[in-house]
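Protein chains get the first letters and strands the later ones, always in sequence-line order, with residue 1 at the start of each. Owing to the predicted nature of the structure, the values given are computational and were not obtained by experimental measurement. These numbers come from the heavy atoms of this one structure, side chains and all, not from hydrogens, waters or symmetry mates.
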Amino acid sequence: MSYDHKAIEAKWQDRWESEGVFHTTEDSTRPKFYNVAMYPYPSGELHIGHVRNYTYIDLITRYKMMQGFNVLSPMGWDSFGLPAENLAIETGIHPKVSVEAQITRMKEHFRKLGAAFDWSREVASHDPAYYRWDQWLFLELYDRGLAYKATAPVNWCPKDQTVLANEQVVDGACERCGTLVEKRNLAQWFFKITDYADRLLDDLDELDDWPDRVRTMQRNWIGRSAGARFRIPIKDLAASFEVFTTRPDTIFGMTFCVLAPEHPLVEELISGTEHEVEAREYIVRAARESEIERLAEGEKTGVFTGRFAINPVNGKEVPIFIADYVLMGYGTGAIMAVPGQDQRDWDFAVKYELDIVRTVDAGPDWYGEAFLGEGPTINSGFLDGLDREGAKERIIAWLEEQGIGEGAIQYRLRDWLISRQRYWGCPIPMVECPECGLVPVPRDRLPVTLPEVEDYAPKGRSPLAAVEDWVATTCPRCGGAASRETDTMDTFVDSSWYYFRYTDPHNDDAIFDRAKAEYWMPLDQYIGGVEHAILHLLYARFVTKFLFDIGLSPVTEPFMRMFTQGMLVKDGAKMSKSKGNVVPPDRYYQEYGADALRLFELFVGPPTDDAVWNDSGVPGTKRFLDRVWKMGTATHSFVERDPNDDDAVLMAETHRVLKRVTEDINRFHFNTTVSSLMSLANVFQEYLGRSPVEKTFDEAYRVMILMLAPAAPHVAHELWEMRGMGSMLANEPWPEWDESLVAESTVTMVVQVNGKVRDRVDVPADITAEEAERVALDLDKVRGWIDGAVVRKVIARPPTVINFVLG
RNA sequence: GCCGGAGUGGCGGAACGGCAGACGCGAUGGAUUCAAAAUCCAUUGUCCGCAAGGGCGUGUGGGUUCGAGUCCCACCUCCGGCACCA
């Protein structure tokens with residue numbers, strides 16, 4: 001017997017909306033809970049991979065509401081970005097038109113899912129009322145020297161006349177047309193996130209409710225390392241170059257140097273040498289490769305410049321190479337190579353037959369290649385005998401005395417390049433005046449709105465640059481003719497602060513009101529894909545700290561508790577529109593209903609793991625819901641009798657499951673939450689098959705419905721109302737378990753001999769070790785294994801296990 | 001390559017260092033049905049055995065432990081991120 005999921009789900013979706021059940025306002029009398037799922041790019045179709053994520057956030061919203069929290073769970077749209085722009089280039093449809101149509105569709109999907117969002121706080125990053133605050137944020141950063149312009153290389157497709165994202169570069173060629181990609185230097189805007197590197201790193205220690213893997217990834221991404229920076233002179237040239245190393249203690253082991261192909265000194269080094277032609281060819285090849293390809297190269301490649309550097313500590317002349325495993329973007333773009341202590345240098349030295357000098361004593365048992373371990377310094381003149389730290393200190397002091405270097409901290413983190421040569425993004429609110437230079441647009445003239453364009457296709461410059469009457473403006477400072485900045489901002493800027501805007505989404509006077517942020521911030525729960533573990537989370541943390549510094553944000557960290565969920569995989573690939581393997585949820589809504597789909601999404605696997613989509617699972621969860629429905633609506637042949645063991649078993653199981661479900665939700669083990677509920681339904685079936693008492697059933701069933709409410713809200717609400725327990729289940733309190741019912745009086749003890757299970761026996765839960773041993777030795781099977789042998793040791797862990805170790 | 005994860009039945013998965021495979025899917029057999037669907041019941045890691053029972057089994061190889069899917073070391077495979085997809 002199936003319930004009418006279509007009618008029931010539509011009914012409750014209407015009631016939640018019309019009664020404003022999830023509409024939230026500040027309420028100082030109740031504890032708040034601010035619950036956010038990363039706002040999505042409005043790709044139009046919500047597929048079952050999205051459904052999984054939003055089911056999690058929805059379950060938490062409903063659960064926390066039942067626990068008495070004032071829950072805020074808003075939703076919005078990361079609606080700027082490349083996909084809508086690409087669609088516009090292909091079809092001429094304005095991104096605003098396509099994106100807003102998709103938002104409408106996605107909202108309908110969310111409704112069909114039964115999602116408990118507070119839609120009164122909806123934001124969309126392409127809305128001028130939103131992005132004017134991106135621009136405001138930019139100006140605040142600019143005023144404090146944290147937004148600056150500098151040149152940086154971009155991937156450039158000479159045929160398409162456009163800048164390419166790294167992911168659009170495949171094997172050094174444009175993904176679309178196959179033309180070899182070039183590097184071009186453009187003047188672009190940066191945010192100075194490196195100024196916050198130490199705080200971003202140190203504050204990770206406070207984020208105890210973040211997954212360790214995310215914190216580790218962030219730490220490694222920031223990559224703080226202490227070492228030294230010093231200059232190395234070049235033989236026969238009045239020039240030198242600077243290197244950074246984390247291992248200045250190994251300086252005596254430097255047997256060659258390597259410069260990045262883009263290093264500014266390269267030209268001077270190679271010109272006129274007999275290696276010039278070869279070196280130039282190498283540089284051109286390297287320029288075509290992406291950073292990842294350069295680092296991924298199995299074998300290190302490089303080319304000799306024909307020049308030698310002079311090791312400042314011992315005057316030794318060492319060859320200078322150009323190699324693409326050294327990046328211009330990290331450190332100084334030049335390294336001292338110490339093959340004895342660095343594996344990449346070792347590989348390179350072996351390949352090009354360069355000297356290897358060990359400066360750390362690896363001990364007699366070491367037969368490996370580069371030695372990274374600890375040991376006394378050797379072959380190093382005045383550093384000999386010192387340990388790593390001692391040698392580091394000594395050599396840094398020496399470099400400082402000589403005036404050629406100093407101790408230095410190096411970060412792997414680079415400043416945040418926010419310029420995009422795109423149309424569909426937030427315009428950067430700057431003006432370039434021939435008289436005054438770069439001038440910010442005054443705040444009272446924000447937003448600088450995106451102009452209409454006739455053609456979205458790139459023509460060698462940002463699409464905005466083609467809109468001449470938009471570009472032409474007057475200088476806010478001198479009033480003369482000036483031109484607007486034509487780049488737009490990285491969409492990560494939009495997403496770095498939207499959770500602040502939710503707290504005060506309609507404010508026209510400020511990005512948000514501090515008092516409102518004080519009530520809601522920080523987020524009590526943030527959920528999103530692990531693919532955002534580094535960039536988005538780091539940028540959001542940076543912007544929060546900046547907003548704190550200017551007195552707006554009440555917190556220095558935005559996300560108290562972070563949860564990163566896995567992806568949904570189908571046919572061996574992440575479910576995504578571009579892979580063409582998306583499964584839309586509509587047919588599940590039709591055939592089985594949103595509750596069955598939600599339940600299966602929860603059940604499909606651990607939320608942190610990737611899950612493989614299996615079509616046949618949803619009927620299973622629907623069967624379960626049908627069984628629960630049938631139990632609650634069919635007439636049972638209840639009997640009048642005194643309470644017996646059957647009643648006790650039902651109540652005990654109900655409370656045990658209640659405890660388990662509560663704990664599992666708290667730990668985000670939603671898959672086992674569902675299995676526990678399924679097991680409980682099986683216990684109900686058994687109970688009803690015996691001689692059920694109505695009062696016992698009603699009491700247990702009531703708890704069952706309450707537990708079902710966050711996961712399968714529609715059917716739970718309907719049952720709740722039908723059975724006359726109240727009119728709006730969402731507002732009912734979450735039940736508490738009775739510890740005395742949960743406790744087990746007897747437990748099955750496992751009896752092992754030499755660690756192998758040989759028998760099991762039911763024992764009282766409070767059995768002592770001595771008694772346990774006596775009971776176990778009484779078992780025929782156990783005696784059979786022990787007889788004739790000496791029991792050397794008994795490991796008793798009553799009441800669950802006892803192990804006899806034979807001698 | 002670097003950083004971070006994950007490998008358990010036919011499938012998704014469960015398992016505070018203590019009964020490996022809960023729960024579900026699928027499959028097989030049965031009940032019900034004129035028949036089917038739906039529903040209900042039973043079986044379902046693997047090998048040996050009539051059975052009782054026993055052997056083996058959590059990617060591979062080692063180690064720690066009375067006891068390892070779980071902890072440690074090495075390796076293999078797959079996935080995510082690598083700064084202009086979001």
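- For N803(A), the side chain to side chain contact (heavy atoms under 4.5 Å, CB included) criterion is met by Q752(A), I795(A), V805(A), not counting sequence neighbours.
- Counting to the nearest Å, the P atom of C84(B) and the CG atom of D487(A) are 13 Å from each other.
- Whole-Å rounding puts the F668(A) CZ to A14(B) P distance at 16 Å.
- In this entry the distance linking NZ of K756(A) with P of C66(B) reads 16 Å, nearest Å.
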### Task
With pairs defined as Watson-Crick or G-U wobble and both distances under 3.5 angstrom, please note down RNA chain B as a dot-bracket string, | for pairing with another strand.
(((((((..(((.....[....)))((((((.......))))))((((....))))..(((((..]....))))))))))))....
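- Heavy atoms of Q343(A) sit nowhere under 4.0 angstrom from any nucleic acid atom.
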### Query
Please walk me through it: do D212(A) and R215(A) pass salt bridge (charged side-chain N to carboxylate O under 4.0 Å, His left out)?
CA-CA 5 Å; D212(A) 284 337; R215(A) 291 202 282 176; 3.2 Å; yes
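- Taking the side chain of V163(A) as heavy atoms from C-beta on, and the options C66(B), C84(B), A86(B), the nearest nucleotide is C84(B).
- For the salt bridge (Lys or Arg N to Asp or Glu O under 4.0 Å) test, no residue two or more places apart in sequence or in another chain qualifies with E773(A).
- Counting to the nearest Å, the P atom of C84(B) and the OH atom of Y539(A) are 6 Å from each other.
- Computed from coordinates, the D415(A) CG to C84(B) P distance equals 12 Å when rounded to whole Å.
- Checking the phosphate oxygens (OP1, OP2) of A86(B), no side-chain nitrogen or oxygen of W424(A) falls inside 4.0 Å.
- Residues R213(A) and T608(A) come closest through the heavy atom pair NH2-O, 3.6 Å.
- Classification of the F191(A)-W416(A) ring pair by plane angle, with boundaries at 30° and 60°, yields perpendicular.
- The ring pair (Phe, Tyr, Trp, His ring centres under 6.0 Å) check on Y588(A) picks up W613(A), with sequence neighbours excluded.
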### Message
Go through it in stages, so that I can follow the logic: the residues are Y130(A) and W497(A), the test is ring pair (Phe, Tyr, Trp, His ring centres under 6.0 Å), and I'd like the CA-CA distance, side-chain angles, deciding distance and then a yes or no.
### Response
CA-CA 11 Å; Y130(A) 182 87; W497(A) 59 276; 4.3 Å; yes
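- In terms of the salt bridge (Lys or Arg N to Asp or Glu O under 4.0 Å) criterion, R660(A) has no residue partners (sequence neighbours excluded).
- Rounded to the nearest Å, the gap between the C1' atom of G5(B) and that of G67(B) is 28 Å.
- Using a 4.0 Å cut-off between charged nitrogen and carboxylate oxygen, D780(A) and R783(A) count as a salt-bridge pair.
- Remark: R656(A) pairs with E653(A), E744(A) by the salt bridge (Lys or Arg N to Asp or Glu O under 4.0 Å) rule, at least two apart or across chains.
- For U70(B) and U8(B), the C1' atoms lie 12 Å apart once the distance is rounded to whole Å.
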Distances for protein N or O near nucleotides 69-78 of chain B N or O, under 3.5 Å:
none

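- Residue contacts for R660(A): at a heavy-atom cut-off of 4.0 Å it reaches no nucleic acid atom on any strand shown.
- Partners of R412(A) by salt bridge (Lys or Arg N to Asp or Glu O under 4.0 Å), not counting sequence neighbours: none found.
- Other residues, nucleotides and ligands contribute only 12 or fewer heavy atoms inside 6.0 Å of the NZ atom of K192(A).
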### Query
side chain to side chain donor-acceptor pair (under 3.5 Å) between D345(A) and Y325(A): does it pass, once the steps are laid out?
CA-CA 10 Å; D345(A) 296 346; Y325(A) 78 95; 3.0 Å; yes
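- Classification of the Y148(A)-F190(A) ring pair by plane angle, with boundaries at 30° and 60°, yields parallel.
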Within the sub-3.5 Å range, which N or O atoms of nucleotides 21-24 of chain B have a protein N or O partner, and how far apart are they?
unit_1	atom_1	unit_2	atom_2	d
G24(B)	OP1	N682(A)	ND2	3.3

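- In this structure, V604(A) reaches the sugar-phosphate backbone alone: every heavy-atom distance under 4.0 Å involves primed, P, OP1 or OP2 atoms, never a base.
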Under 3.5 Å between N/O atoms: give me all the protein pairs with nucleotides 4-10 of chain B, atom names plus distance.
none

### Task
May I have the step-by-step check of salt bridge (charged side-chain N to carboxylate O under 4.0 Å, His left out) for R667(A) and D664(A), ending in yes or no?
CA-CA 5 Å; R667(A) 307 190 289 167; D664(A) 279 352; 2.8 Å; yes
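- For the P atoms, the distance from U65(B) to U60(B) is 23 Å, rounded to whole Å.
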Please list, for nucleotides 16-19 of chain B, all pairs of protein and nucleotide N/O atoms separated by less than 3.5 Å.
unit_1	atom_1	unit_2	atom_2	d
G18(B)	O6	R797(A)	NE	3.3
G18(B)	N2	Q752(A)	OE1	3.0
C19(B)	O2	R760(A)	NE	2.4
C19(B)	O2	R760(A)	NH2	3.2

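- Among the heavy atoms of the strands lying under 4.0 Å from P606(A) are primed sugar atoms or P, OP1, OP2 only; no base atom is included.
- Nucleic acid contact for W416(A): none, since no nucleic acid atom lies under 4.0 Å from a heavy atom of the residue.
- Atom C1' of nucleotide G53(B) and atom CG of D759(A) are separated by 12 Å, given to the nearest angstrom.
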### Task
List the steps and the verdict of side-chain contact (heavy atoms from CB on, under 4.5 Å) for C426(A) and T488(A).
CA-CA 5 Å; C426(A) 172; T488(A) 53; 5.7 Å; no
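- Atom CD of E601(A) is separated from atom P of G12(B) by 17 Å (rounded to the nearest Å).
- Syn is the conformation of G9(B), whose glycosidic angle sits no further than 90° from 0.
- Residue V805(A) has its side chain nearest to C66(B) when only C66(B), C84(B), C79(B) are considered.
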Under 3.5 Å, which N/O atoms of the protein pair with N/O atoms of nucleotides 41-49 of chain B?
none

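- Atom CG in L535(A) sits about 10 Å away from atom P in G81(B), given to the nearest Å.
- Within the 4.0 angstrom heavy-atom criterion, base atoms lie near L413(A).
- Residue H532(A) is classed as a base contact, given a heavy-atom separation below 4.0 Å to a base.
- For the P atoms, the distance linking A52(B) with A35(B) amounts to 36 Å, nearest Å.
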#### Entry: side chain to side chain donor-acceptor pair (under 3.5 Å) between Q218(A) and R541(A), worked out
CA-CA 11 Å; Q218(A) 293 229 338; R541(A) 294 180 59 225; 2.8 Å; yes
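- Between D626(A) and K630(A), no side-chain nitrogen of the basic residue sits less than 4.0 Å from a carboxylate oxygen of the acidic one, so the salt-bridge criterion is not met.
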